[in-house]
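As structure tokens, the structure follows; a few thoughts come after it.
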Amino acid sequence: MKIIVLIKQVPATTDVKIDPETNTLKREGVEAVINPFDMYAIEEALRIRERLGEGEIVALSMGPPQAEQALREAISMGCDRAVLLSDRKFAGSDTWATSYTLARAIRKIGDCRVILCGKQASDGDTAQVGPGVSTHLDIPQVTYVKKIEKIDAASATVERMTEEGYDIIETPVPVVLTVVKEINEPRLPSLKGKMRARKAGIPVWTAEDLGCDEGKIGLDGSPTRVVKVFTPPPREGGRVLEGEPEETSKELAGLIKDIIIG
Amino acid sequence: MDYLLTEEQQMIKDLCRQIAEEKIKPVAAEYDESGEFAWDIMKVFAESDICGIYIPEEYGGMGGGVLELAIATEELSWGCGGISLGFAATGLGTFPIILYGNEEQKAKYLPDIASGKKLAAFALTEAEAGSDAGGIKTTAKKEGDHYVLNGTKQWITNAGEAEIYTVVAMTDRARGARGASTFIVEKDTPGVSFGKKENKMGIRSSATREVIFDNCRIPKENILGREGLGFIVAMKTFDHSRPGVAAQAVGIAQRALDEAVKYSHERKQFGHSISSFQGVQFMLADMAMQVEASRALIYSAAKMIDSGAKNIAKVSAMCKTFASDTAMKVTTDAVQVFGGYGYMKEYPVEKLMRDAKITQIYEGTNQIQRGAIASSLIKESLA
């Protein structure tokens, strides 16, 4: 069974500066790592392969040439091989264009039963690429997966985390699963994995290799634009009303009235 | 200092530091307190492929040597000098097989050690024999196709946890040290049992027990080398393993230095960080010099041993003695830098001091080592 893990290289710190001119993240001089949520996806792929006793795991990333480093790290953890999508034409892609491009690559890799990725990236925080890929591929998706109960070449049963608990979902495969950190504890790389990673040839596919429709990639293929990026002000502490229920409920009603009526 | 390690050695160093930082450090205090053996960390060692770094490639290892073992042991010991012993003492138990095992013995035992499936232990010390190997009382009597072992080994690291034991026993007591032989004994052999786990000052999560042989019959094929070679096997084994003890010591010392430097920024007295006081600065500088000098000596000794050099007893003893004395001094100074806090178990440095002490004692006390260094010097001067 072939499993594809989608990974993104992100700045190691959450304290990233934003370029006020271009509204993009300043990545220079910041150490880059695999998006932490994608680490859980890699680990889960390895566990599926161990559970089934067979399978091939392909790590797939779209990004600048240096994203190759993240793919090598994925191989050092145990992924069988990796593919990088890198082309100047991909620059400026929003989540829609990115998921279109990734979907093209998944088709080109072919015969994949499960696509795993983190629930979101720690830099952009959109949580849209996983679902976007499933839409472009026209296959089911389950987001916020916290446990894979059963999986084979025909179907999967998974637990989707909700705010109150979890849903148990049965889905046919191929399927896109986005995972939360509750699903596992990612392993460290192994020495043999690190050596394999050092030597591994990682093919770089361009827009042409993927046969992309040029109107659907990069800035031109992106229906959304980032108008402004800013750090939201920290949430102010709430207020606790104390006293007898009768009084506090009256006080609360008064506060709500003030907000609604002003 | 940059030791110009190969890419592979650097990889070992980085990975072992990552294991120490992410997996060992967070649980070290807990294991120190409970004295439990850290099997979950042994599993991490196995999954990370580090168990075979000093084992030849044809037996599933990475084909490294004493230097690779030292690099790994140092980094793991930075995390915890007790937990790292599950790995390092397996090296001690495995060297007799690497150095003196025949093809069949190597093929049978090394792959499981290399994969991390099994741990090993070396059983030499007894109540009345350690450095004085001639005083060994455990006997191995040949009976047909078997040897029958009787006796009790003491303070055996990894005992009860390891599957494979290399055991020194007397095949001919009349010949003294020349009547000793070394055997491979599997844990589940009838007649093998273990004493209670010792309650130690330091390296508390490491398992230290008696290994008791009561009419334990092992196939005669399990002898390493031949009868009478036991003392030589033990000495050559220690020549190869002592840089590992030294590396354990330098790992502990480096951690003590790191903790002391960090704390000296944080701790404020008289309105200043104590790192701005010359009295503290000089201590830190001395600690750093001693740690670096120890490391340089270990790496040099290890390289010399790996090169196949013949007379390695002196350098092996030198690096063990120098690094373990350094560890004791540096960890004591780290406690001093921490002051009263350093004496408290909530802070990590008192454990380092307790863990450091054993490195001056085991695999031959530092007094025995100094004796060996001196006798080498005298021998060389007369040659």
Side-chain angles (χ1 to χ4, degrees), chain A residues 5 7 9-10 12-14 31-53 55 57 59 68-80 82 122 181-202, chain B residues 5-27 38 40-65 67-69 71-73 75-76 78-79 83-84 87 91 111 113-117:
Chain A
V5 188
I7 67 173
Q9 192 180 44
V10 298
T13 159
T14 49
E31 195 200 341
V33 294
I34 296 176
N35 169 38
F37 291 110
D38 296 341
M39 295 290 275
Y40 301 100
I42 294 171
E43 176 63 34
E44 202 55 29
L46 299 171
R47 291 186 185 193
I48 293 171
R49 189 180 62 187
E50 282 162 9
R51 206 190 309 180
L52 299 178
I57 303 169
E68 187 198 280
Q69 197 43 48
L71 290 168
R72 288 199 192 278
E73 206 183 319
I75 293 174
S76 76
M77 286 176 72
C79 293
D80 294 289
S122 62
K181 69 177 182 351
E182 285 76 8
I183 196 166
N184 58 42
E185 190 190 333
R187 71 193 62 189
L188 295 175
S190 74
L191 212 47
K192 283 177 190 153
K194 274 179 168 254
M195 287 190 198
R196 229 164 41 77
R198 190 181 67 190
K199 290 179 198 145
I202 297 180
Chain B
L5 300 178
T6 65
E7 205 176 337
E8 233 166 62
Q9 289 160 350
Q10 191 60 47
M11 228 179 245
I12 292 170
K13 196 174 174 68
D14 294 344
L15 180 59
C16 289
R17 174 52 76 98
Q18 194 182 356
I19 294 171
E21 183 85 60
E22 292 178 22
K23 303 287 179 183
I24 301 177
K25 194 176 157 191
V27 298
D40 56 337
I41 306 294
M42 299 306 127
K43 204 170 148 248
V44 172
F45 293 166
E47 285 169 354
S48 312
D49 299 324
I50 62 164
C51 300
I53 52 175
Y54 57 93
I55 292 173
E57 279 176 286
E58 56 265 47
Y59 305 110
M62 236 185 69
L67 181 56
E68 282 75 10
L69 178 63
I71 289 169
T73 303
E75 294 303 333
L76 298 175
W78 183 92
I83 293 174
S84 68
F87 164 80
I113 296 171
S115 69
K117 206 172 138 198

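This structure is a prediction, so every number in the text was calculated from the model and none was measured. Here is the naming used below: chain letters follow the sequence lines, and residue numbers restart at 1 for every chain. The figures here come from the full heavy-atom set of this structure, side chains too, leaving out hydrogens, waters and symmetry mates.
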*Measure across A:Gly193 and B:Asp49 and return the closest heavy-atom pair with its distance rounded to 0.1 Å.*
N-OD2, 4.2 Å

_Check ion pair B:Glu47-A:Arg187 (N to O, under 4.0 angstrom)_ = no

*Where do A:Arg198 and B:Glu8 come nearest, in terms of heavy atoms and distance?*
NH1-N, 4.2 Å

*Would one find more than 12 heavy atoms of other residues, nucleotides or ligands at under 6.0 Å from atom NZ of A:Lys181?*
no

*Check whether B:Ile53 gets within reach of chain A through its side chain, its backbone, both or neither, counting any heavy atom under 4.5 Å.*
side chain

*What closest approach, in Å, do B:Gln18 and A:Leu188 show between heavy atoms, and which atom pair accounts for it?*
NE2-CD2, 3.5 Å

*About how many Å separate CD1 of B:Ile12 and NZ of A:Lys194, when rounded to the nearest 0.5 Å?*
10.5 Å

*Quick one: NZ on A:Lys192 to OG on B:Ser48, what's the gap to the nearest 0.5 Å?*
11.5 Å

*asked:* Restricting to non-hydrogen atoms, name the atom on A:Leu191 and the atom on B:Leu15 that form the minimum distance, rounded to 0.1 Å.
replied: N-CD2, 3.5 Å

